[in-house]
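Being a predicted model, the structure only gives us computed values, none of them experimental. Note on naming: letters A, B, ... go to the chains in the order of the sequence lines (proteins, then strands), and numbering restarts at 1 for each one.
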2 protein chains.
Amino acid sequence: MRPRDEHKEGLIRQEAVEMIVREGLEGLSMQKLAKAAGVSPATLYIYFKDRDDLIIQLVIEEHTKMSRETLKDFDPDMHFAEGLKVQWNNRVAYYLKHPVGLSFMEHIKHSPYFEKAMQQTGNLFPKVMGEFLSKNIERQELVRVSPEVYWSIAFAPLYQLIKYHISGRGLPPSSTFVLDEEKLQQALELVLKALKP
Amino acid sequence: MRPRDEHKEGLIRQEAVEMIVREGLEGLSMQKLAKAAGVSPATLYIYFKDRDDLIIQLVIEEHTKMSRETLKDFDPDMHFAEGLKVQWNNRVAYYLKHPVGLSFMEHIKHSPYFEKAMQQTGNLFPKVMGEFLSKNIERQELVRVSPEVYWSIAFAPLYQLIKYHISGRGLPPSSTFVLDEEKLQQALELVLKALKP
DNA sequence: TATAAGTGAACGAACGTTCATTTATATTTG
DNA sequence: CAAATATAAATGAACGTTCGTTCACTTATA
């Protein structure tokens with residue numbers, strides 16, 4: 001029998017992500033995607049059940065890659081300041097290398113696809129993060145906060161800075177923005193100051 | 001001549017926002033919207049030039065309402081801790097009263113519509129916020145930071161908490177989340193701790 | 001030769017938008 | 001003060017396009 005062109009599925013996935021980043025979810029059409037990937041519309045349905053399935057597979061792949069990179073060199077038993085620094089560095093490194101990954105997820109996060117995809121992933125990631133939080137509260141290296149308050153202060157600022165960086169545009173009066181090492185370091189220190197007892 | 005049904009445009013706008021929140025930008029179709037608002041498709045084109053114009057008008061309206069409420073009782077000459085508290089309270093009050101406003105903006109923010117709409121609004125809002133920042137840095141009530149690092153730490157956590165609240169779902173292990181006065185107060189205090197010299 | 005990959009054309013449905021026509025009311029007229 | 005008129009609101013049907021998906025068919029390789 002004829003074997004699958006391994007390269008083809010990767011190309012379809014990549015073109016689909018770029019199309020969503022460029023034109024939004026409503027900009028992803030199967031016929032446009034087929035043309036962009038240089039295949040027949042019918043070929044898409046060999047690799048994916050339908051349009052919904054395609055999108056959900058993209059979300060799962062992106063989330064998996066991000067999780068893997070973020071947990072690199074990380075251990076929930078780490079001291080708080082060290083562990084948070086590793087997390088920040090991993091996330092920055094990942095998203096600066098894969099900026100489309102973040103933009104793509106931003107498009108997806110507020111759609112029904114996100115929840116559907118998350119149901120299909122193992123929830124190892126939040127489990128590890130939760131363990132890191134509770135252990136550090138016990139050890140009193142971290143103020144006593146709920147997971148949500150913790151996440152909001154520990155990571156929401158980082159994601160905002162990365163988004164500024166990727167878009168290239170910051171706030172007035174300076175129209176451009178670059179997330180350099182100095183700003184990143186300063187932001188991390190401020191966040192640590194907030195969260196350490 | 002026949003006068004416009006004033007109530008009608010408001011109903012169209014409301015149904016459109018709800019449709020986008022419910023089904024995303026790709027879920028907003030002119031024919032579905034017409035049916036939902038109880039008018040003919042052609043009627044939509046009396047009030048709005050086309051679909052793009054409709055969406056942009058919705059963004060402008062939402063942004064204007066949010067800005068107005070956020071600046072209530074606020075003055076850029078305020079002391080830092082007081083000014084930030086007013087900002088937090090205003091934003092929380094607004095979005096808890098208009099949760100669809102936030103969800104709607106989340107859908108729009110990563111689309112070309114957002115930028116187009118922002119070009120059509122007066123930029124009084126960022127100007128006032130920038131003034132508040134620079135004056136408080138001068139007065140040494142606030143660490144010396146760039147506008148982007150400031151915004152990331154001062155407001156990104158708040159928006160994340162509001163989003164948790166509106167979605168009703170937080171992080172594991174507790175599946176539900178309610179942003180009560182205690183959590184809000186704690187988060188604000190942590191943010192102030194981070195940003196005060 | 002068997003079998004799955006891959007195709008181009010075509011399907012009905014839904015899309016954004018337009019148009020000829022009707023409807024309702026503010027204004028003008030007798 | 002009623003009746004006629006002007007005018008913009010409002011309509012339902014229809015336009016051409018594009019949508020997601022399918023199918024009969026061809027192609028390539030185990």
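- Checking B/Asp50 against B/Tyr45 by side-chain atom types alone, no donor-acceptor pair falls below 3.5 Å.
- Regarding A/Lys35, its NZ atom lies at a distance of 11 Å from the P atom of C/dA9, rounded to whole Å.
- The side chain of A/Tyr47 places an N or O atom within less than 4.0 Å of a non-bridging phosphate oxygen (OP1 or OP2) of C/dG6.
- In terms of position along DNA chain C, the nucleotide closest to B/Pro41 lies nearer the 5' end than the nucleotide closest to the other residue of the pair B/Pro41 and B/Pro3.
- When each of A/Gly27 and A/Lys49 is assigned the nucleotide of DNA chain D bearing its nearest heavy atom, the one mapping closer to the 5' terminus is A/Gly27.
- Contact check, A/Arg2 against D/dT27: no side-chain N or O comes under 4.0 Å of OP1 or OP2.
- In this structure, of D/dA10, D/dG12, C/dA5, it is C/dA5 that holds the atom nearest to the side chain of A/Arg4.
- What separates CD of A/Glu26 from C1' of C/dG16 is a distance of 12 Å, to the nearest Å.
- In terms of position on DNA chain C, the residue among A/Glu6 and B/Met30 whose nearest nucleotide sits closer to the 5' end is A/Glu6.
- C/dT25 atom P lies 10 Å from atom CG of B/Asp5, rounded to whole Å.
- Taking the centre of each ring, A/Tyr159 and A/Trp88 stay at or above the 6.0 Å mark.
- Annotation: cation-pi geometry satisfied between A/Arg91 and A/Phe155 (NZ/CZ under 6.0 angstrom from ring centroid, within 45° of ring axis).
- A salt bridge links A/Lys32 with A/Glu23; the closest basic N to acidic carboxylate O contact falls under 4.0 Å.
- Among the nucleotides D/dG20, D/dA10, C/dT17, the one closest to any side-chain atom of B/Thr43 is D/dA10.
- Atoms CG and CE, on A/Leu25 and A/Met19 in that order, are 12.5 Å from each other to the nearest 0.5 Å.
- The separation between A/Ile55 atom CD1 and D/dG20 atom C1' is 11 Å, rounded to whole Å.
- In this structure, the nucleotide among C/dT7, C/dA10, C/dT17 sitting nearest to the side chain of B/Gln31 is C/dT17.
- Taking atom NZ of residue B/Lys32 and atom C1' of nucleotide C/dT17, one finds them 17 Å apart after rounding to whole Å.
- Closest to the side chain of B/Val39, out of D/dT11, C/dT17, D/dC23, is D/dT11.
- For the residue pair B/Val86 and B/Lys72, the shortest heavy atom distance occurs at CG1-O, 3.7 Å.
- Rounded to whole Å, the distance from CE on B/Met19 to C1' on C/dC15 is 14 Å.
- No engagement by B/Leu33 is indicated, since no non-hydrogen atom pair under 4.0 Å with the nucleic acid exists.
- Applying the 3.5 Å distance criterion, the base of D/dG12 shares a donor-acceptor pair with the side chain of B/Ser40.
- Among the nucleotides D/dT11, D/dC23, D/dG20, the one closest to the side chain of A/Arg51 is D/dG20.
- For the pair A/Ile46 CD1 and D/dT21 P, the interatomic distance rounds to 15 Å; values are reported in whole Å.
- Regarding A/Tyr45, its OH atom lies at a distance of 18 Å from the C1' atom of D/dA24, rounded to whole Å.
- Side-chain atoms of A/Ser29 lie closest to D/dC19 of the nucleotides C/dG6, C/dT7, D/dC19.
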